[in-house]
Amino acid sequence: MLKEDDRTAGILLNITGNGKGKTTSAFGITIRALGWGWNVVFLQFVKGTVETGEKHFFDALNHPLLRFEQLGAGLSWHPGDHKGMAETGWKRAEEMLHSDQVNLLVMDELNIALHYQWLELDRVLDALRQRPPHQNVVITGRYAPAPLLELSDLVSEIRSVKHPYDKGIPAIRGIDF
Ligand code: ATP
Ligand code: MG
């Protein structure tokens, strides 16, 4: 067993499943990484420029080691140029996957963009395989494609047991966005 601070190799994490807690888990890891002085890039696929608690927080924080970018066209079931936006987002992601400077790259909802085939899976797998060896990557979203899970070092599937939405309660500010 390695001691925790002997580890230099980065890992690929995937947080998937139909329960709540995928994106918020990625925020939790982001906070930890920043606390250790890591450079973090958080790319949000799918969601457009939306006003969320996290956006307010990160804007106000203006943390020198964090880059937070919303690169989507809006909710996946709403009309919009999802494919075009996913491609723009992926160009940004590729830059980050080539950078030695990025210790943690989060690609929030990338699973969704792959599920709907807005992006080509093989391109994504290749870029992940070729990233700098110390770089850690977190991918979130429902419906993670099986080959991506196979490549991952850590996979958590969050299962919904209950959600207020089932009772007709819509997304709650401060809890869901
Ligand atoms: P969060 O951002 O709160 O961690 P998530 O990333 O796990 O949620 P997504 O699939 O990205 O969940 O869905 C985004 C929105 O859908 C959130 O507002 C979340 O609360 C809501 N949601 C998550 N799970 C469920 C569910 N099982 N039923 C209905 N709505 C859900
Ligand atoms: Mg999410």
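One-based numbering along the sequence shown.
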Listing, residues 58-68 side-chain donor-acceptor contacts under 3.5 Å, not counting sequence neighbours, or none:
unit_1 : atom_1 : unit_2 : atom_2 : d
Asp59  : OD2    : Lys55  : NZ     : 2.9
His63  : ND1    : Leu65  : N      : 3.0

Solution key, residues 92-107 side-chain donor-acceptor pairs under 3.5 Å, sequence neighbours excluded:
unit_1 : atom_1 : unit_2 : atom_2 : d
Arg92  : NE     : Glu69  : OE1    : 2.7
Arg92  : NE     : Glu69  : OE2    : 3.2
Arg92  : NH1    : Glu95  : OE1    : 2.6
Arg92  : NH2    : Glu69  : OE2    : 3.0
Glu94  : OE2    : Trp90  : NE1    : 3.3
His98  : ND1    : Glu94  : O      : 3.0
Ser99  : OG     : Gln101 : N      : 3.0
Asn103 : OD1    : Asn39  : N      : 2.7

Only distances under 3.5 Å count here; give the side-chain donor-acceptor pairs of residues 150-162 to other protein atoms, sequence neighbours excluded, each with its distance to 0.1 Å.
unit_1 : atom_1 : unit_2 : atom_2 : d
Ser152 : OG     : Leu148 : O      : 2.8
Asp153 : OD2    : Leu12  : N      : 2.8

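Listed by chain and number, the residues in a side chain to side chain donor-acceptor pair (under 3.5 Å) with Thr140 are Asp108 (sequence neighbours excluded). Residues passing the ring pair (Phe, Tyr, Trp, His ring centres under 6.0 Å) test with Tyr143 are His115, sequence neighbours excluded.
Sorted pairs that involve residues 152-177 and meet ring pair (Phe, Tyr, Trp, His ring centres under 6.0 Å), not counting sequence neighbours, are lacking altogether.
A 4.5 Å side-chain heavy-atom check between Tyr116 and His82 finds every atom pair outside the cut-off.
By the criterion of side-chain heavy atoms lying less than 4.5 angstrom apart, applied directly or through intervening Ile, Leu, Val, Met, Phe, Trp or Tyr residues, Ile31 is not grouped with Val41; the two fall into different hydrophobic clusters. No path of Ile, Leu, Val, Met, Phe, Trp and Tyr side chains, each step under 4.5 Å between heavy atoms, connects Leu149 with Ile29, placing them in separate hydrophobic clusters.
Smallest separation of non-hydrogen atoms from Val40 and Ala33: CG2-CB, 3.8 Å. Heavy atoms only, all atoms of each residue included: Ala113 and Val46 are closest at N-CG2, 4.4 Å. A pairwise comparison of heavy atoms in Ile112 and Gly141 identifies CG1-CA, 4.4 Å as the closest pair.
Rounded to the nearest 0.5 angstrom, Arg173 CZ and Ile175 CD1 are separated by 12.0 Å. Summarising the geometry, atom CD belonging to Glu109 is positioned 7.5 Å from atom CD belonging to Gln44; distances are rounded to the nearest 0.5 Å. We find the CD-CG distance between Glu120 and Leu114 to be 10.5 Å, quoted to the nearest 0.5 Å. Interatomic distance, Leu110 CG to Trp118 CH2, rounded to the nearest 0.5 Å: 11.0 Å.
Under 4.0 Å is where a charged nitrogen must lie from a carboxylate oxygen, and between Glu87 and Lys91 no such pair does. Note on Arg129 versus Asp126: salt bridge recorded, some NZ/NE/NH1/NH2 to OD/OE distance being below 4.0 Å.
Side chain of Asn136 to main chain of Ile11: a donor-acceptor pair is present (N/O by atom type, distance under 3.5 Å, no hydrogens or angles).
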